[in-house]
Amino acid sequence: MPLSRREMLAFGMISGGALLLPLERSVFAAGQSRLAESALPAPFTVPFSVPPVAMKVNSVGTTDYYSLTMREQATEILPGFQTRIWGYDGSFPGPTFDVQQGREVVVRQTNQLPHAHPTLGYTPFTSTHLHGSASLPQYDGYASDVTYPGSWKDYRYPNSQGCRTLWYHDHGVHHTAPNVYMGLAGMYRMHDSVEQSLSIPQGRYDVPLIVTDAMFDTRGQLLYDDDDQSGLFGDVILVNGRPWPVMKVERRKYRFRILNASISRTYRWRLDSGEPLVVIGTDAGLTAAPQSVPSLLHGNAERYEVIIDFAKYKIGRRVILRNVSPNNNVDYTHTGKVMAFDVVAQASTTSNNSIPSVLSPYNAIMGLTPTATTPTRKMALVRQGGQWTINGQTWADVEASAYTRALANPALNAVEIWEIRNDSGGWHHPLHIHLVDFKILDRQIDLSGIWVAARPHERGPKDVVHVGENERVRLITRFGPHPGRYMIHCHNLVHEDHDMMGQFTVGEGGYDPITTAPAQPLPAPEL
Ligand code: C2O
Ligand code: CU
Ligand code: CU
């Protein structure tokens, strides 16, 4: 039998693979729940729900104020078990924000988490990142700008970009994966007049699908096992914190904002009916035109807005969203299933029930094209010295340099091409660049030297790019609107923590991300 990638890593057979697995781990599947299979719900028996909506606590002029408390909470994920989670306001996942372009938002984040992780023992200091926002450095969730339990920090978000699906999640240095796994993640929808003038589904037909995977111990508690820093692959698929839920739908179109908030798992969505998925939005907003695809590869932290038309089915029909697992994931009995839709009624309204052929044709980033003088930088994603690195560098190197070391220093508003390379088999690296939106120019899918077009579903504004094994990707972006230091990292959060993260500096100066607006001890003044 050929050795798996993990077994080869375990025996040090892969270059730089200094990892050693304890023997029992190579015998027992790392990601499997220790509960009896009968204690897990059968797929498509738990009702679907969406997270609560975040409520503002105050408005002054064009600024809306919110306040979230990160705390531990017992919640029912598996029927009959109370699972301890860490949630924004105790919610798993966190409350969904609905904000309007042009209104500034301040979110007070108060850390009331316990002083130690229940099994890993570390102190959960946090740093909250609004992923998809061009925030100033001191509000960007810089990993080392931390808030300890008993402290608070106000984050300001400009909301001046176009409509998009953002998400907020913890970014605390070296503990991001377990913090997010415990529940510190939520969705943030930014609306604008372009989006609102389109006849696409809106309101209650605009539905968050936050997909994660998890494993549980014998008492129904979340089990954290990253397989010696390679990746975390659970056997239970959760949508909005519910295992393989079933949603009742009307015979009409729905818009799903799918967020892959899993720590390491990559998905490929497909409907069991064989009907296509129609992509209308990517990470950083609506696409120019809809793209109909039979299936859809979805890396960590990417967001895709997808329309499914249930008018094609009769009442009584069940449609299943499957995961045709891409390679380099660890699969279990039910990881090929995600959720089900039961068609139960005629459409109660048929307004906003279409897919216009033109969506958002004037995106500035999508209008960028390389010229003969556009500089190209290369970022190699490599395993080296027992660490995940970018160009051989880690966040520990950034820390050791007193946060000055940078992988790149583009001028403010410079347009550059970045070529991201994963020249190894066995791993995919979803690479995220903070601050900017980018356009994927092309890909090499097998190191053949031949560049091919971006995949149909990723031809929209992006901030994460899935770089599969032996792939290279070229993207183009403009570095702005703020000067300063911003992170770039793999969004397999286990890789990010150990330690595939660096920073780049835009222009000269800029606010210091750590010292400009540090967290303060409680009590906090009124908002
Ligand atoms: Cu979604 Cu640096 O993160
Ligand atoms: Cu980000
Ligand atoms: Cu990675």
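Computed from a predicted model, the values in this text were never measured in an experiment. In listed order, ligands and their atoms are each counted from 1. Residue numbers run from 1 in the order of the sequence given.
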For this session: Without swapping roles, check the side chain of Arg265 against the backbone of Gly234 for a donor-acceptor pair under 3.5 Å.
Result: yes
For this session: State whether the side chain of Asp437 and the backbone N or O of Asp463 hold a donor-acceptor pair below 3.5 Å, judged by distance alone.
Result: no
Problem set entry | side chain to side chain donor-acceptor pair (under 3.5 Å), paired with Gln503, selected from Tyr142, Trp395, Tyr403, Tyr486 | Tyr142
Exercise. Within the stated cut-off of 2.8 Å, is an N/O/S atom of His171 closer than that to atom 1 (Cu) of ligand 1?
Worked result: no
For this session: Examine His129 and say whether one of its N/O/S atoms is closer to the Cu ion (ligand 2) than 2.8 Å.
Result: yes
Exercise. Of the backbone and side-chain N, O or S atoms of His432, does one lie nearer to the Cu ion (ligand 2) than 2.8 Å?
Worked result: yes
For this session: Using the side-chain contact (heavy atoms from CB on, under 4.5 Å) rule, pick out the option among Thr389, Ile420, Asn391 that qualifies with Leu381.
Result: Ile420
Exercise. At atom 1 (Cu) of ligand 1, what angle lies between atom ND1 of His131 and atom NE2 of His491, rounded to 10 degrees?
Worked result: 110°
Seminar exercise, completed: In this structure, the Cu ion (ligand 3) sits at the vertex of an angle between ND1 of His495 and SG of Cys490 that rounds to 10° as 130°
Exercise. Should the pair Asp423-Arg472 be classified as a salt bridge under the 4.0 Å nitrogen-to-oxygen rule?
Worked result: yes
For this session: Kindly give the atom name of the N, O or S atom of His429 closest to the Cu ion (ligand 3).
Result: ND1
